[in-house]
**Q** 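Mind having a look at this structure? Questions to follow.
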Number of protein chains: 2
Amino acid sequence: MNPKLEDIARAMGVSTATVSNALSGKGRVSEALKDRIRQEATRLGYVPSVQARALRTGRSGVIGLVLPDIANPLFPALAQSVEAAAQARGLGVLIADSRGTREAQAQALQRLVRQGADGLVVVPRRGTQMPPLGVPVAMIDAASTPGNTICADHRQGGALIVEHLRLRGHRKILIVGQSSASRVQTDRVAGMTEALSGDMTGRVLWLEDAPLPAPYDLLADGFTALAATSDLIALPLLTRLQAAGLRVPRDIAVTGFDNHAFSALVAPGLTTVAQDLPAIAEGALESVLAQLDAHPAPPPRTVPVELLVRGTTTSTNQTDKETCP
Amino acid sequence: MNPKLEDIARAMGVSTATVSNALSGKGRVSEALKDRIRQEATRLGYVPSVQARALRTGRSGVIGLVLPDIANPLFPALAQSVEAAAQARGLGVLIADSRGTREAQAQALQRLVRQGADGLVVVPRRGTQMPPLGVPVAMIDAASTPGNTICADHRQGGALIVEHLRLRGHRKILIVGQSSASRVQTDRVAGMTEALSGDMTGRVLWLEDAPLPAPYDLLADGFTALAATSDLIALPLLTRLQAAGLRVPRDIAVTGFDNHAFSALVAPGLTTVAQDLPAIAEGALESVLAQLDAHPAPPPRTVPVELLVRGTTTSTNQTDKETCP
DNA sequence: CTGTTAGCGCATTCAC
DNA sequence: GTGAATGCGCTAACAG
């Protein structure tokens with residue numbers, strides 16, 4: 001059995017309360033004694049019992065993280081950032097997968113609070129109405145989502161993409177999204193269309209409504225660039241164009257969104273927009289912690305994004321020369 | 001405040017112990033009373049305090065999951081399976097990222113046990129020596145890894161790939177791995193080389209040692225197929241070949257490993273080997289739970305894999321016709 | 001069959 | 001500054 005407060009108290013001839021105070025720095029204990037107690041504690045290899053502490057304080061030191069759709073590599077990446085932020089504060093992260101449906105998500109939320117999470121960070125499914133859970137919650141979605149706590153500046157990202165394409169000489173671009181029911185995607189598309197300058201035209205295509213035209217039809221229609229709302233969409237586009245014998249970006253340029261791990265690996269590298277995941281994770285956690293301390297939740301925030309220019313929009317066909325991968 | 005055992009005990013004029021027994025089904029309580037107590041419990045919306053239960057029983061109902069390298073989509077996918085398996089047993093999953101180094105991994109392990117994990121599921125970094133942690137551990141790596149608990153049959157996967165390529169008429173293949181220090185990769189490569197029939201030749205290339213030859217040199221050397229030890233390697237190969245103007249699989253075939261989410265999305269679809277992640281997760285969890293019940297750990301196990309044949313090895317160039325994605 | 005009792009390990013009153 | 005006492009909510013012994 002691990003040593004407990006009582007063991008180290010007895011070993012030093014003081015009371016458990018004093019040891020507790022000394023280790024936590026809370027109560028008033030003389031500096032000298034404090035030091036000696038701390039030494040003895042580390043000497044014995046004392047490790048506080050989180051369970052006892054949780055029972056006593058009502059805080060488990062664990063926050064719950066609810067993610068949708070593990071197939072999108074963005075979410076694991078975000079999870080990593082949340083875990084890092086939590087771990088820097090000595091907190092643990094309980095994960096749950098909102099497998100498929102909003103009901104499953106609701107159950108996942110409940111489960112995490114029942115399992116003792118002090119607060120929740122949620123990447124909500126579309127159309128989520130947050131039920132009252134009794135613990136602080138931070139939502140990471142899109143600026144236009146009601147109740148959103150923090151998110152990347154998806155509009156700005158869209159604008160950066162279009163601006164970049166304009167500078168590269170593109171005047172007619174096809175904006176390709178998956179679903180217009182996604183706030184994130186519509187925000188990105190809005191950013192793109194708003195940024196179209198007078199001499200540019202853009203058409204928006206939602207893949208859930210209509211398939212992508214055949215590669216050569218795109219060229220015939222005068223499109224010189226495909227701007228996808230996600231790398232996960234851009235990758236099939238890119239490979240499909242290449243499989244059809246087109247050269248990217250010589251024949252047509254492609255851009256994505258989110259800078260997934262594979263985006264730097266493909267040839268040519270995918271031009272994309274990177275979210276500042278660490279900042280978003282920090283912000284979400286801060287919001288939860290603030291609410292835990294009975295502070296008001298900080299106002300919703302939007303985090304700047306960064307354009308990453310790679311081969312799918314820059315013409316040098318270096319792809320044949322570079323070593324791989 | 002939530003109702004506690006005492007509240008429902010008082011409401012029914014019985015003792016807390018009886019309520020506890022009734023709800024857990026442990027002690028001997030008359031069926032009639034049991035039912036009435038359960039009804040009252042749900043009526044009051046009783047939710048047991050995991051913290052109190054954990055303090056009392058020494059079990060937190062949480063297992064820790066340690067993953068390396070979030071950039072590899074396999075690990076999030078595995079995490080999802082572990083979470084599903086845990087959730088089916090009413091357990092929670094605390095995650096930790098063994099960020100980069102083995103020391104970080106060691107700290108992550110410690111942190112999880114300090115945070116109260118009852119047991120650990122670990123996907124170890126290369127060369128990991130498991131320190132004694134005081135809780136049951138299951139390791140998911142490769143059959144050849146000492147101390148491994150359960151894993152996919154990587155050798156079989158390699159064999160399936162080579163056999164498939166042979167049936168498709170390939171006789172000279174280049175096997176491409178990242179690092180020969182990875183047990184998983186060496187097991188896969190071993191499976192491949194062992195499966196080479198008499199009239200086949202295979203060369204092994206580790207990308208950490210030497211770069212991939214230029215695409216046209218591969219053809220000149222007579223290679224008709226590239227067999228990668230991971231989809232994450234196959235994807236750059238595929239796109240690089242395509243960017244160089246080669247047709248896959250007409251000019252050269254490509255295979256991967258692990259069936260990452262993007263592998264079905266690229267064009268042509270990537271032929272690959274899928275691990276049975278749910279089975280692996282179940283097995284790992286079972287091992288931990290068995291050890292928790294003081295049963296001996298079940299013997300190491302290997303889980304069959306499945307070959308997924310897609311466009312990168314099947315010649316019809318349907319990729320121009322199919323809708324996308 | 002059911003109730004009483006006694007902690008699990010800690011943090012917090014309140015006396016001294 | 002320090003210590004003794006109390007209870008967080010639950011379950012495992014044992015006593016009835």
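Letters A, B, ... are given to chains in the order of the sequence lines, protein chains preceding strands, and every chain is numbered from 1.
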**Q** Can you pull the contact range of chain A along DNA chain D, 5' to 3', using atoms under 4.0 angstrom from its heavy atoms?
**A**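 Contacts span D:dG1 to D:dG9, reading 5' to 3'.
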**Q** Taking only residues two or more places apart in sequence, or in another chain, which ones meet B:Ala84 in a side chain to side chain contact (heavy atoms under 4.5 Å, CB included)?
**A**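 With sequence neighbours excluded, B:Ala84 shows a side chain to side chain contact (heavy atoms under 4.5 Å, CB included) to A:Arg99, given in chain and number order.
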**Q** Output every pair passing side-chain hydrogen bond (donor to acceptor under 3.5 Å, both in side chains) with a member in residues 290-300 of chain B, not counting sequence neighbours, ordered by first then second residue.
**A**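 For residues 290-300 of chain B: B:Ser287-B:Gln291.
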**Q** Are any non-hydrogen side-chain atoms of A:Leu74 and A:His260 less than 4.5 angstrom apart?
**A**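 SC-SC contact between A:Leu74 and A:His260 confirmed.
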**Q** Any heavy-atom pair between the side chains of B:Val19 and B:Tyr46 that's under 4.5 Å?
**A**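 No. Closest side-chain heavy atoms not under 4.5 Å.
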**Q** Are A:Glu83 and B:Arg111 close enough for a salt bridge, meaning some N to O gap below 4.0 Å?
**A**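 Result for this pair is yes, salt bridge flagged.
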**Q** Give the first and the last nucleotide of DNA chain C, reading 5' to 3', that has any atom under 4.0 Å from a heavy atom of chain A.
**A**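 Endpoints of the contacted stretch of DNA chain C: C:dG9 to C:dT12.
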**Q** Using a heavy-atom distance cut-off of less than 4.0 Å, which residues of residues 50-64 of chain B contact DNA chain C?
**A**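 Of all residues in residues 50-64 of chain B, the ones placing a heavy atom under 4.0 Å from DNA chain C are B:Leu55, B:Arg56.
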**Q** State which residues pass side-chain hydrogen bond (donor to acceptor under 3.5 Å, both in side chains) with A:Thr57; sequence neighbours excluded, sorted by chain then number.
**A**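 Applying side-chain hydrogen bond (donor to acceptor under 3.5 Å, both in side chains) to A:Thr57 gives none.
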**Q** In chain order, what residues pass the side-chain hydrogen bond (donor to acceptor under 3.5 Å, both in side chains) check against A:Asp153, with sequence neighbours excluded?
**A**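 For A:Asp153 there are no side-chain hydrogen bond (donor to acceptor under 3.5 Å, both in side chains) partners, ignoring immediate neighbours.
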**Q** Using five base pairs at each end to define the local axes, how bent is the helix from C:dC1-D:dG16 to C:dC16-D:dG1, to the nearest 10°?
**A**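 What I find for the helix from C:dC1-D:dG16 to C:dC16-D:dG1 is an axis angle of 40°.
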**Q** Any side-chain heavy atom of B:Leu65 sitting closer than 4.5 Å to one from B:Leu94?
**A**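 No, their side chains stay 4.5 Å or more apart.
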**Q** According to the side-chain hydrogen bond (donor to acceptor under 3.5 Å, both in side chains) rule, which pairs have a member within residues 114-133 of chain B, sequence neighbours left out?
**A**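 Qualifying pairs: B:Ser60-B:Asp118, B:Ser98-B:Arg125, B:Gln105-B:Thr128, B:Arg126-B:Ser179.
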**Q** Which pairs count as side-chain hydrogen bond (donor to acceptor under 3.5 Å, both in side chains) when at least one residue sits in residues 142-151 of chain A, sequence neighbours excluded?
**A**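 Counting only pairs at least two positions apart or across chains, the side-chain hydrogen bond (donor to acceptor under 3.5 Å, both in side chains) contacts touching residues 142-151 of chain A are A:Asp141-A:Thr145, A:Ser144-A:Asp187.
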**Q** For the residue pair A:Val93 and A:Val62, establish whether any side-chain heavy-atom pair is separated by less than 4.5 Å.
**A**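 No - every pair of side-chain heavy atoms lies 4.5 Å or more apart.
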**Q** Please answer whether the main-chain N or O of B:Leu292 pairs with a side-chain N or O of B:Arg59 as donor and acceptor at a distance below 3.5 Å.
**A**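 Yes; judged by distance alone, with no hydrogens or angles, the pair exists.
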**Q** Identify, between B:Val29 and A:Lys4, the residue whose nearest nucleotide on DNA chain C lies closer to the 5' end.
**A**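 The residue closer to the strand's 5' end, by nearest nucleotide, is B:Val29.
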**Q** Considering only heavy atoms, which members of residues 5-25 of chain A lie under 4.0 Å from some atom of DNA chain C?
**A**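 Heavy-atom contacts with DNA chain C come from A:Leu5, A:Ala17, A:Ser20, A:Asn21.
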**Q** List for me each residue that meets side-chain hydrogen bond (donor to acceptor under 3.5 Å, both in side chains) alongside B:Thr18, sequence neighbours excluded, and say none if there are none.
**A**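 B:Thr18: side-chain hydrogen bond (donor to acceptor under 3.5 Å, both in side chains) contacts with B:Ser15.
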**Q** I'd like to know if A:Lys4 and A:Asp7 make a salt bridge, using a cut-off of under 4.0 Å between side-chain N and carboxylate O.
**A**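 No salt bridge links A:Lys4 with A:Asp7.
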**Q** Report, as yes or no, whether the 6.0 Å neighbourhood of atom CZ on B:Arg36 holds more than 12 heavy atoms from other residues, nucleotides or ligands.
**A**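 It does not: B:Arg36 CZ has 12 such atoms or fewer within range.
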